[in-house]
Visitor: 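Okay, handing you the structure first.
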Number of protein chains: 2
Amino acid sequence: MTGPTRLVLEILFDGERHFSADDLFEELDRRSPGISQSTVYRVLQRLGQLQIIEHVHSGVGSTFYHLRQHNHAHLVCTDCGSITDVPDTIFEQLTQTAQTDYSFTVQTHHAAILGRCANCATSS
Amino acid sequence: MTGPTRLVLEILFDGERHFSADDLFEELDRRSPGISQSTVYRVLQRLGQLQIIEHVHSGVGSTFYHLRQHNHAHLVCTDCGSITDVPDTIFEQLTQTAQTDYSFTVQTHHAAILGRCANCATSS
DNA sequence: ATAAGTGCAAATCGTTTGCGTAGGC
DNA sequence: GCCTACGCAAACGATTTGCACTTAT
């Protein structure tokens, strides 16, 4: 409704697709100085409950957030931290096997897949 | 070589397959009181470098550790935190698609797959 | 007026680090 | 003796919480 919350939404709709809480904090502080970190976390939590955004545990570095849009997952490079969006379909077999063999329902969007991106693979 | 390190190995070979640093710390303290947390972390780090153990980022709760043995990955329940070992083969399609379509080399063992286990799915 | 949103500072959790010491070789 | 492993306490990064204050509605 107010100040910071509106700003967060603006930022989310504006530019980059993925933000850590701190990225967001810095961008907020740039646009309107004096906002506190706790506000950022509280706004993110609220937007999460409202199903407007989702968060992803990256394994390397901190949790990141993005507007909710199903059907994609994330590949995160353990070297450079880059995030690659990939369609959910990449999970098809895994999701299905987990379900049939282990009665486990995979949340494809909730944790990143770790590995090394093209760049970092070559520069090893 | 010495005390704590030896004990950690004993514990790892003994019982459960997965330990958080804190699990390990508690078990150590039970077997031989007076060990410090930093020692636990340092031992884990050392054993990691020696390729004796591996760690997994769980997304829910803290990192866990286990003896190194390739060919399996982990399903972690976001509700109860239970860890299920699954063969690497469950990743086949994902790993391959990531490689061919995105030149991304998945590290199947390095991050857990999140979701809900059979128990928690029914008790929702 | 009432409830929600905010800032600030302190607390928490998991993990790391600096430093002085003790023990294996 | 020397080098590594250890214990302790303090430092850290990410995130959460308590509390008092402001501001939409």
Side-chain angles (χ1 to χ4, degrees), chain A residues 1-12 18-66 74 76 78 80-81 83 110-112 114, chain B residues 1-12 18-50 52-66 74 76 78 81 83 110-112 114:
Chain A
M1 317 272 195
T2 23
T5 303
R6 177 159 284 133
L7 269 172
V8 168
L9 285 172
E10 274 180 39
I11 294 174
L12 284 171
H18 309 109
F19 293 90
S20 69
D22 201 58
D23 290 342
L24 212 37
F25 173 65
E26 279 175 24
E27 183 59 28
L28 278 168
D29 202 57
R30 202 168 301 132
R31 302 196 185 193
S32 161
I35 285 161
S36 77
Q37 312 229 33
S38 48
T39 298
V40 174
Y41 283 104
R42 277 193 274 238
V43 169
L44 288 172
Q45 187 177 303
R46 202 146 16 99
L47 295 178
Q49 284 167 348
L50 295 172
Q51 321 241 59
I52 295 173
I53 63 173
E54 278 177 345
H55 65 272
V56 180
H57 301 287
S58 88
V60 307
S62 39
T63 299
F64 59 89
Y65 302 80
H66 61 84
H74 304 88
V76 170
T78 50
C80 68
I83 302 171
H110 198 190
L114 299 185
Chain B
M1 317 279 193
T2 22
T5 304
R6 178 158 285 135
L7 270 171
V8 168
L9 285 173
E10 274 181 38
I11 295 174
L12 284 171
H18 308 108
F19 293 90
S20 68
D22 201 57
D23 291 342
L24 212 35
F25 173 64
E26 279 174 25
E27 184 58 29
L28 278 168
D29 202 57
R30 202 167 300 130
R31 302 196 185 193
S32 160
I35 285 161
S36 76
Q37 312 230 33
S38 48
T39 298
V40 174
Y41 282 105
R42 278 192 273 236
V43 169
L44 288 172
Q45 188 178 302
R46 201 143 21 97
L47 294 178
Q49 284 166 350
L50 296 173
I52 294 173
I53 62 172
E54 277 177 345
H55 66 273
V56 181
H57 302 287
S58 89
V60 308
S62 39
T63 299
F64 58 90
Y65 301 80
H66 61 86
H74 304 89
V76 170
T78 51
I83 302 173
H110 198 187
L114 298 184

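Chain identifiers are assigned alphabetically (A, B, ...) following the order of the sequence lines, protein sequences preceding nucleic acid strands; residue numbering begins at 1 within each chain.
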Visitor: Parallel, tilted or perpendicular: which fits the ring planes of B:His57 and B:His55, with parallel below 30° and perpendicular above 60°?
Guide: perpendicular
Visitor: Take the protein atom CG of B:Leu44 and the nucleotide atom C1' of C:dT16, then report the distance between them rounded to whole Å.
Guide: 13 Å
Visitor: Please enumerate all residues that pass ring-ring contact (aromatic ring centres under 6.0 Å, His included) together with A:Phe19, with sequence neighbours excluded.
Guide: none
Visitor: On DNA chain D, does the nearest nucleotide to A:Tyr41 precede the nearest nucleotide to B:Thr39 from the 5' side, or the other way round? Give the residue.
Guide: B:Thr39
Visitor: Show me the protein contacts with nucleotides 20-22 of chain D, counting only N or O atoms at under 3.5 Å.
Guide:
none

Visitor: So, does the side chain of A:Ser38 form a donor-acceptor pair with the base of C:dC8 at under 3.5 Å?
Guide: yes
Visitor: Checking all strands, does B:Thr63 fall into the base, sugar-phosphate, or nothing category for heavy-atom contacts under 4.0 angstrom?
Guide: sugar-phosphate
Visitor: Base of D:dG7, side chain of B:Arg42 - is there a donor-acceptor contact under 3.5 Å?
Guide: yes
Visitor: Starting at CD of B:Gln49 and ending at P of C:dT16, how long is that distance when rounded to a whole Å?
Guide: 12 Å
Visitor: Taking the side chain as every heavy atom from C-beta outward, state whether A:His110 and A:Val56 have any pair of such atoms under 4.5 Å apart.
Guide: no
Visitor: Is the A:His74 ring parallel, tilted or perpendicular to the A:His18 ring (thresholds 30°, 60°)?
Guide: perpendicular
Visitor: Between C:dT15, C:dT6, D:dA14, which nucleotide has the shortest distance from any of its atoms to the side chain of B:Gln37?
Guide: C:dT15
Visitor: Is B:Leu44 close to B:Ile53 at the side-chain level, that is, under 4.5 Å between some pair of heavy atoms?
Guide: yes
